[in-house]
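As structure tokens, the structure follows; a few thoughts come after it.
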Amino acid sequence: MSLQVYNTISRNKETFTPLVEGKVGMYVCGVTVYDYCHVGHARVMIVFDIINRWLKQIGYDVDYVRNFTDVDDKIIARAAERGIAIDQLTNEMIAAFYEDADALGCDRPTHEPRATAHMDEMIAMIEALVQRGCAYVSASGDVLYAVREFAAYGKLSGKNIDDLESGSRVDVDNTKRDPLDFVLWKMAKPEEPAWDSPWGRGRPGWHIECSAMSCSHLGSTFDIHGGGMDLKFPHHENEIAQACAANDGNFARYWLHNGFVNINSEKMSKSLGNFFTIREVLKTYHPEVLRMFMLGTHYRSPLDFSDRALDEAKTALDRIYETRKRIAETAAIVDAALPARFVDAMNDDFNTTEALAVLFDLSRALNKGLNEKSDVAELIGQFTAITKLLGIARHDVNEWFQGGESDTDRIDALIAERAEAKKARDFARADAIRNELAAEGIVLEDTAAGTTWKKA
RNA sequence: GGCAGGGUGGCUCAGUGGCUACGGCGGAGGACUGCAAAUCCUUUAUUCGCGAGUUCGAUUCUCGCCCCUGCCUCCA
């Protein structure tokens with residue numbers, strides 16, 4: 001089965017065929033760098049990391065572009081609040097972003113353009129829009145996009161301009177020809193960061209940067225554009241309007257949107273204030289647990305975030321590590337192809353849930369084979385290939401089960417003492433030692449090769 | 001109000017026009033063990049929100065209804 005992807009614009013799964021054989025251009029909307037990333041951002045990172053990995057796995061040369069929005073009202077406000085320069089804030093937040101993304105095991109995109117480094121492209125695109133009659137300068141001096149001039153407006157999100165107007169709760173801005181018109185270039189106030197442009201000193205609107213940066217890196221027509229569901233409208237709709245009206249290309253051919261992270265069935269968001277930053281969560285949970293948690297649900301479905309769900313992801317991941325631990329004790333790694341069921345799952349719109357089911361089945365078969373001392377070389381190869389691709393169970397097994405424990409010498413001494421006691425059939429003493437450690441959260445496991453321990 | 005997505009076992013989460021509805025967590029029993037832990041085996045939904053229709057046959061398709069969530073304003 002060839003790769004099928006759900007394309008938001010057609011609301012259907014489609015066979016994926018790249019524009020240029022063997023190559024994929026993919027643009028994903030990144031973050032506005034004014035604060036730490038929360039778990040919702042983690043989902044975008046992980047989802048598109050998996051998509052990127054899978055595209056490469058099936059042989060594509062992927063140009064994965066993800067932007068940083070480093071100029072915007074919220075950034076200006078935050079920098080002022082903290083009394084620091086804008087680029088100090090954005091650099092700090094970009095560094096934090098990388099810490100989080102790296103911890104979560106996400107590969108770096110091939111290009112990570114910053115809006116402030118692409119002013120020329122944005123201005124050129126706005127000029128083209130003005131020339132073609134799709135943009136105008138408003139009474140306030142801002143350059144606005146004239147939504148009515150773009151016939152296909154609303155196609156991606158399935159919206160009808162007139163319905164939007166009737167349902168609009170937004171205050172009417174009478175400098176706009178149409179309430180839906182949006183800013184392309186915003187005049188700067190004296191204190192604000194500004195760039196020269198044909199319309200005066202100012203800064204770009206949010207939407208234009210993605211149109212400009214995606215097209216400048218990937219061309220006016222490219223394969224995949226992704227981001228969170230909430231970006232569908234108006235952000236992605238506006239990107240399409242800008243890019244298609246300014247260039248003669250078709251912009252993105254496949255639109256991929258990931259579902260939200262919810263808390264108590266409500267969307268996690270800044271405005272609701274019900275968010276956890278990635279770094280907060282990582283104080284309690286290993287980053288791989290968060291990754292596992294994300295992979296357990298299909299990327300387009302909502303994902304309910306809770307301690308309980310993370311605990312379950314941890315337990316499930318422990319199971320995979322238990323298998324790895326047993327593998328480490330036995331055979332050498334052999335290379336094996338990914339199992340067909342796994343490949344089919346991933347080709348079916350990146351179905352990581354099913355892919356994990358394959359991994360767990362494999363884990364069981366492997367444990368059983370190990371118990372029965374049968375030849376498991378092929379299974380080990382498959383197991384390893386899957387975990388590597390998904391980016392889970394990639395840490396050292398001892399580190400995983402014992403990491404962060406400082407008192408290992410004492411534990412080892414107690415285990416040795418218990419072994420002596422067991423030898424002498426002094427089970428009371430042996431059990432006392434085990435209970436003592438259990439009370440500290442150390443669980444002992446007696447195996448044929450001796451006793452090992454792990455943190456509960 | 002418009003549009004979009006969803007309601008599957010105690011929880012979670014896949015999936016399919018028809019053999020025994022995937023996996024994880026949890027529960028029960030068993031094997032192994034001195035006892036545990038880990039692992040393995042068995043077991044845990046006459047049933048996939050409700051009603052009707054299409055069909056030889058629907059959880060899967062169509063229609064209606066109920067409920068949930070999201071977008072329609074910045075938001076991953």
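Quick note on labels: first sequence line is chain A, next is B, and so on, each numbered from 1.
- Listed by chain and number, the residues in a ring-ring contact (aromatic ring centres under 6.0 Å, His included) with Phe275(A) are His38(A) (sequence neighbours excluded).
- At the heavy-atom level, Gly227(A) lies under 4.0 Å from the strands shown only through sugar-phosphate atoms.
- With Ser214(A) contributing its side chain and Ser211(A) its backbone, the two residues share a donor-acceptor pair below 3.5 Å.
- You'll find that the side chain of Asp446(A) is closest to C35(B), out of U39(B), A76(B), C35(B).
- Judged as a ring-ring contact (aromatic ring centres under 6.0 Å, His included), and not counting sequence neighbours, Phe233(A) has no contacts.
- Separation of the P atoms belonging to A38(B) and A76(B) is 41 Å when rounded to the nearest angstrom.
- At distances below 3.5 Å, not a single donor-acceptor pair connects side-chain atoms of Glu92(A) with backbone N or O atoms of Leu89(A).
- Panel note: side chain Arg43(A), backbone Phe260(A); a donor-acceptor pair is recorded below 3.5 Å.
- Look at the C1' atom in both C25(B) and U20(B): the space between them is 23 Å, to the nearest Å.
- Taking the nucleotide of RNA chain B with the nearest heavy atom to each of Ala428(A) and Ala365(A), the more 5' of the two is matched to Ala428(A).
- Comparing atom distances between the Val443(A) side chain and each of A38(B), A37(B), G70(B) picks out A37(B) as nearest.
- Counting any heavy atom pair closer than 4.0 Å across all strands shown, Lys454(A) reaches sugar-phosphate atoms only and no base atom.
- Heavy atoms of Arg418(A) sit under 4.0 angstrom from at least one base atom.
- Among residues two or more places apart in sequence or in another chain, the side chain to side chain donor-acceptor pair (under 3.5 Å) test is passed with Asp230(A) by Lys267(A).
- Remark: the separation of the P atoms in U55(B) and C40(B) is 48 Å, to the nearest Å.
- Atom CZ of Arg11(A) has more than 12 neighbouring heavy atoms from other residues, nucleotides or ligands inside a 6.0 Å radius.
- When the P atom is compared between G49(B) and G7(B), the two are found 7 Å apart, to the nearest whole Å.
- Phe48(A) CZ to Tyr299(A) OH: the interatomic distance, rounded to the nearest 0.5 Å, is 7.0 Å.
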Scan nucleotides 26-31 of chain B against the protein and return all N/O pairs shorter than 3.5 Å with their distances rounded to 0.1 Å.
none

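- With no hydrogens or angles considered, a side-chain donor-acceptor pair links Glu280(A) and Thr277(A) at under 3.5 Å.
- Taking atom C1' in both G6(B) and C50(B), the straight-line distance is 16 Å, to the nearest Å.
- Only one option out of Thr408(A), Val443(A), Leu437(A) pairs with Trp453(A) in a side-chain contact (heavy atoms from CB on, under 4.5 Å); it is Thr408(A).
- Gly154(A) comes within 4.0 angstrom of nothing in the nucleic acid, heavy atoms only.
- In this structure, Met268(A) reaches the bases: a heavy-atom distance under 4.0 Å links it to at least one base atom across the strands shown.
- Between the base of G34(B) and the side chain of Asp431(A) there is a donor-acceptor pair shorter than 3.5 Å.
- Within residues 345-364 of chain A, the residues that have a heavy atom under 4.0 Å from RNA chain B are, in order of number, Asn351(A), Thr353(A), Glu354(A), Ala357(A), Phe360(A), Asp361(A), Arg364(A).
- Checked against ring-ring contact (aromatic ring centres under 6.0 Å, His included), His118(A) has the following partners two or more places apart in sequence or in another chain: His217(A).
- On the C1' atoms, G9(B) is 13 Å away from G24(B), given to the nearest whole Å.
- Environment of CG in Asn435(A): crowded, with over 12 heavy atoms of neighbouring residues, nucleotides or ligands closer than 6.0 Å.
- At the heavy-atom level, Val28(A) lies nowhere under 4.0 Å from the strands shown.
- In this structure, Lys267(A) does not reach the A76(B) phosphate: none of its side-chain N or O atoms is under 4.0 Å from OP1 or OP2.
- Residue-level contact check: His38(A) touches the bases, meaning some heavy atom is under 4.0 Å from a base atom.
- Neither OP1 nor OP2 of G23(B) sits under 4.0 Å from any side-chain N or O of Arg319(A).
- Dashed line: the shortest gap from a side-chain N or O of Asn371(A) to OP1 or OP2 of U39(B) is not under 4.0 Å.
- Rounded to a whole angstrom, the distance from the P atom of U33(B) to that of C48(B) is 44 Å.
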Got a list of protein N/O to nucleotides 3-8 of chain B N/O distances below 3.5 Å?
residue, atom, partner, partner atom, Å
C3(B), O2', Gly158(A), O, 3.4

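- Partners of Phe150(A) according to the ring-ring contact (aromatic ring centres under 6.0 Å, His included) rule, which considers only residues two or more places apart in sequence or in another chain, do not exist here.
- Nucleotides U8(B) and U59(B) are separated by 8 Å at their C1' atoms, to the nearest Å.
- Remark: Arg253(A) engages Asp223(A) in a salt bridge (charged side-chain N to carboxylate O under 4.0 Å, His left out) (not counting sequence neighbours).
- For Ala430(A), taking side-chain heavy atoms from C-beta onward, the closest of the listed nucleotides G34(B), C22(B), G24(B) is G34(B).
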(request) Would you sketch RNA chain B in dot-bracket for me? Only Watson-Crick or G-U wobble pairs with both distances under 3.5 Å count, crossing pairs as [ ], other-strand pairs as |, the rest as dots. (result) (((((((..(((.....[....)))((((((.......))))))....(((((..]....))))))))))))....
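- Among the protein residues, Phe427(A) comes within range of the nucleic acid bases, having at least one heavy atom under 4.0 Å from a base atom.
- On a pure distance criterion of 3.5 Å, no polar donor-acceptor pair joins the side chain of Arg43(A) and the base of A76(B).
- Side-chain proximity of Pro234(A) to the nucleotides C35(B), A76(B), U73(B) is greatest for U73(B).
- Screening residues 372-394 of chain A for salt bridge (Lys or Arg N to Asp or Glu O under 4.0 Å), with sequence neighbours left out, gives Glu288(A)-Arg394(A).
- Pairs of residues two or more places apart, or lying in two chains, that qualify as salt bridge (Lys or Arg N to Asp or Glu O under 4.0 Å) and include a residue from residues 441-456 of chain A are Glu322(A)-Lys454(A), Lys325(A)-Glu445(A), Arg418(A)-Asp446(A), Lys422(A)-Asp446(A), Glu445(A)-Lys454(A).
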